[in-house]
Every structure is written in structure tokens, then in C-alpha cells.
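Below is one structure, written out as C-alpha cells; the observations come after it.
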2 protein chains.
Amino acid sequence: MTDRRTSIGNSRNPETHAAILDAAHELLAEHGYAGVSMEAVARRAGAGKPTLYRWWPSKTALLIELYEREKTRALAEIPDLGSAQKELVALIKGVHRFWRKTPAGQAFRSIIAEAQADDAALRSLRDEFLPRGRATATVILDRAQARGEIAPDADRELLLDVLFGFSWYRLLTHRLRDDTGAVERLVAALLAAAKAGGSLAGD
Amino acid sequence: MTDRRTSIGNSRNPETHAAILDAAHELLAEHGYAGVSMEAVARRAGAGKPTLYRWWPSKTALLIELYEREKTRALAEIPDLGSAQKELVALIKGVHRFWRKTPAGQAFRSIIAEAQADDAALRSLRDEFLPRGRATATVILDRAQARGEIAPDADRELLLDVLFGFSWYRLLTHRLRDDTGAVERLVAALLAAAKAGGSLAGD
DNA sequence: CCTTATCTGAACGGTACGTTCCGTTTCCCC
DNA sequence: GGGGAAACGGAACGTACCGTTCAGATAAGG
């Protein structure tokens, strides 16, 4: 959108790269999912469509890179807060805030939506993208197990499925905001079950 | 797809109505979300596009009607099974089976995806479609409260958000199948919390 | 009988997709 | 210093779908 850009020769132009991600960022913030098309991004970025397709095979790939960029900017690791309750609540609420305050929420909604129409996108979402996002939670659960806050045989995957499922549900129905302590109570309930070793423990 | 249909005069032709829903059903089963376009449905049904748009303002509306039709065919009410645990597990597993065995799962994925690109579709999904689906669960929770299985002030909305959030997550990541007793354990954990009146109870 | 509403089919302008070709720029290597 | 090689923007292409409009045909209902 600024001055004219062109090739810088034999290698990739980082300005072009940034301009395209910035354009996607702005379109996402202004018009949501529907406003983001490869054509619109190219127009806004002052780039050629072949340039987009040279670096990103699909719109989903572009959105994923945008999401990761925002993530490293806005989302920090969760430090040791003394209890799994506090840490998990901080994690979930941090993610919700991230989704609300940045275009990342829009991007993520788009990525999920796209995955429902494209099998390859679904596999990449489930097998590469989501596991990366679970890394922070895994650290928290490791600490919790070391503290003895959850049983050694607790079904951690199920616990995370429930927490992220809840988050997805709120995101996809546009209800991230209604925080009447729901996250706190949900985490408390799940931790209680995971500690007892009864219900959320391995089968 | 069968013989030629035409107007039957002054009133709506039920064969046309059925043929369009059947065509959507088949396309959904064969090609998933991506295979369903208003054009493709019209072609397969041997119908005119104006006919589709006369009765359904959007693809989402068509998919919702298709979903409801399948639902009344495949999904029954949950009878009194003696415990909320059994009933909720039966409900959730029934829904998962419904999503797996019929095109309804594809339809529902499409409806959710569409809602991420269209605000009107999102509102209709959240404020009309989903509440209808919660009716069965509400009956179960009423019985549970009458039995004293969950506290009178339990946060029923949160409980359902968690259960359906989990189900959505599994549906949208195409992992409805891996039942290692996950549903049973999740329901048990939530019911325990809702009975204690501590964590899942009203704030 | 004739208004009225339905149906199919064809066509329209608009948007986006993903690709191809072109001419230009500049680095990298010889 | 010269010559690929690869990147860049721009234009155009064919395909697909969108949602709408028009035409022509059908047949119920008053």
C-alpha cells in the first residue's frame, strides 16, 4: 500500500512478504473472513497474485502464517504460578483475549472453516497446527503432575480436548466475552476429576 | 434426477421440495461440503435455480432444513434411564453416531463453517438452531435435578457448553470415532462437579 | 375462464479461483 | 563485467459459483 515494490533480484523480498501479511491482517480486522480473498490481499498489498501463490499454496497457508506471527507477538508462555488452576485459567483466558483483541481470532475461525471444505487443510490443522498450540498446555500439565495436582494416569489428552473444545465453541459462536467465571469453574471441575484419578483418569 | 418435473399449478410441488433435499443429501454424502453448491444441487435435482432461491434464501438455510429432516428420522428422544450419567452419555453418543452415520455430520460442519463467513448465518445458528438442539438435554437435566443428581443452582448452560464444545471439537477435527470411554469419563467428571455444587454451580 | 403461483431453462453481471505469459529488476556466480 | 536465475508486478485467461432476471409452460383455484 506504500511505495512501489519490485524484485530485489535473485532472492525473496522481505518487504513483499511483510506487506502481504499486513494486508491480510488489515482485511481480516476490517471485514472478517469474508473480506479476505487472495485477490483482495494482493490488491491491498500492491502485490501480484503469482507472488502470493509462489509462497503460499492456499489461503489457509497464508492465514496460518499470519496466525503464528500474531501469536509470537501477543502470546507469552505461562510462568509457574503455583497451581495448575491458576496456570490453566491464565492460559485459556489469554487465548480468548488473544482471539478477541487481534485478528488472530478471525484468522483461526477462517482456518477452521476452510478445514471443513478441504481434507488436506483439515489434516494440517489437526496434525501440525493444533499440536503446536498444545505445547504450552503440556508444560503446565507436566508441572501439575510433578506437584501431584493431577493423577499420574490422568487422561491429559481428554482434558485438553475438553478445554479447547469449550474454547472453540465459544469462539465459533462468537461468545468469547461472557466471562462469569466460567473458565475458572470449568478448570476447577476438570482438575478435581483429574486429581481424583477416577473419572478423568486413564481408562 | 428422475422424470421431468414441472409446476403442478398454483401451489408448491412437494416432489420438487423432496428432490432438492435429496440431491443435497447425496452431494453431501459423496463430496462433502465442497461438493454442495446451489448450482450443483439444482443440476442434480433437475430443478431450476430460481426454485431453490424461492424457498431457501441461502445455502445455509437449505442445509439446516436438511439437517432437521435427518434428525427427525434418526435421532430419538432419550427415555428415562434411571441416571443422568446414562442419559447424557446416551445423548452425546447418539449425536456422535448421527453425525458419523448420516450426511448430517457433513451438513453440520458446513453450517458451522458458513457461519464463520456470514454474520446472519452465525446469529441464526446460535440463537435458533442450537437452542433447538439443546431441548433434549434440557429434559435430561430437569430429571437430574428432580433426582437430586445435580445441585439446584448448577450452571446448566456451562455444562452444556462444555459437552457440546467437546462434541464440536471432535466433529470439526474429524475425530468422532476414538471412543475409549472419553464421553463416559467426561460426563462423570461434569456431573460430579455439578452435584457438589462447588465448581460448576452458579457463580 | 382467467388470475395466480408454480416450475424449468437460459442468460446476466459480478467475484474469486488458480494459472499463464510478459517485461522488468537485481542478485549471484562465473 | 557479463549472463543466467529467480523474484517482482500486471494483465489476461478459463472455470466455477453466486444471486438475479427474464422467458415460456403448467395447472390449480376462485
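Throughout, protein chains are lettered first and strands after them, A, B, ... in sequence-line order, and every chain is numbered starting at 1.
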Could you tell me how far apart B:I20 (CD1) and C:dT6 (P) are, to the nearest whole angstrom? 13 Å
Whole-Å distance separating the CG atom of A:L52 from the P atom of C:dA16: 14 Å
Taking only side-chain nitrogens and oxygens of A:S11, does any of them come within less than 4.0 Å of OP1 or OP2 of D:dA7? no
Run the ring-centre check on B:H17 versus B:W56 and record whether the distance is less than 6.0 Å. yes
Is the shortest side-chain N/O distance from A:R54 to OP1 or OP2 of D:dC8 below 4.0 Å? yes
Row check, B:W168 ring normal vs B:R126 NZ/CZ: under 6.0 Å, within 45°: no
For C:dA5, take OP1 and OP2 only and decide whether either is under 4.0 Å from a side-chain N or O of B:W55. no
Suppose we call a contact any N or O donor and acceptor under 3.5 Å apart; does that hold for the side chain of A:T6 and the base of C:dT25? no
Nearest-neighbour nucleotide for the A:R5 side chain, D:dG9, D:dG29, C:dC17 considered: D:dG9
Distance check: side-chain N/O of A:R12 vs OP1/OP2 of D:dA6, anything under 4.0 Å? no
Checking salt bridge (Lys or Arg N to Asp or Glu O under 4.0 Å) for the pair A:D22/A:R69: CA distance, chi angles, key distance, verdict? CA-CA 11 Å; A:D22 288 343; A:R69 189 181 75 162; 3.0 Å; yes
Mind calculating the distance between NZ (B:K59) and C1' (D:dA16) to the nearest angstrom? 12 Å
Taking any heavy-atom pair under 4.0 Å as a contact, classify B:A42: base, sugar-phosphate, or nothing. nothing
Residue whose closest nucleotide on DNA chain D lies nearer the 5' end, B:P57 versus B:G9: B:P57
A:M38 CE to D:dT15 C1', in whole Å, measures 17 Å
Pick one: which of B:Y33, B:F164, B:F129 meets ring-ring contact (aromatic ring centres under 6.0 Å, His included) with B:F108? B:F129
Can you tell which of D:dG9, C:dA5, D:dG10 lies closest to the side chain of A:P50? D:dG10
Just how far, in rounded Å, is C1' of C:dT25 from CD1 of A:I8? 10 Å
Measure CZ/B:R44 against P/C:dT8 and give the value in whole Å, please. 16 Å
Ignoring the backbone of A:S7, work out which of D:dC18, C:dT25, C:dA16 is nearest its side chain. C:dT25
Examine the base of C:dA16 for any acceptor or donor lying under 3.5 Å from a partner atom in the side chain of A:S37, and report the outcome as yes or no. no
C:dT6 P sits how many Å from B:Y53 OH, rounded? 18 Å
State whether the distance check finds a donor on one side and an acceptor on the other, under 3.5 Å, for side chain A:K49 versus base D:dG9. no
Pick out which of B:K71, B:E70, B:E65 makes a side chain to side chain contact (heavy atoms under 4.5 Å, CB included) with B:E68. B:K71
For B:W56 and D:dC18, give me the distance from atom CH2 to atom C1', rounded to whole Å. 18 Å
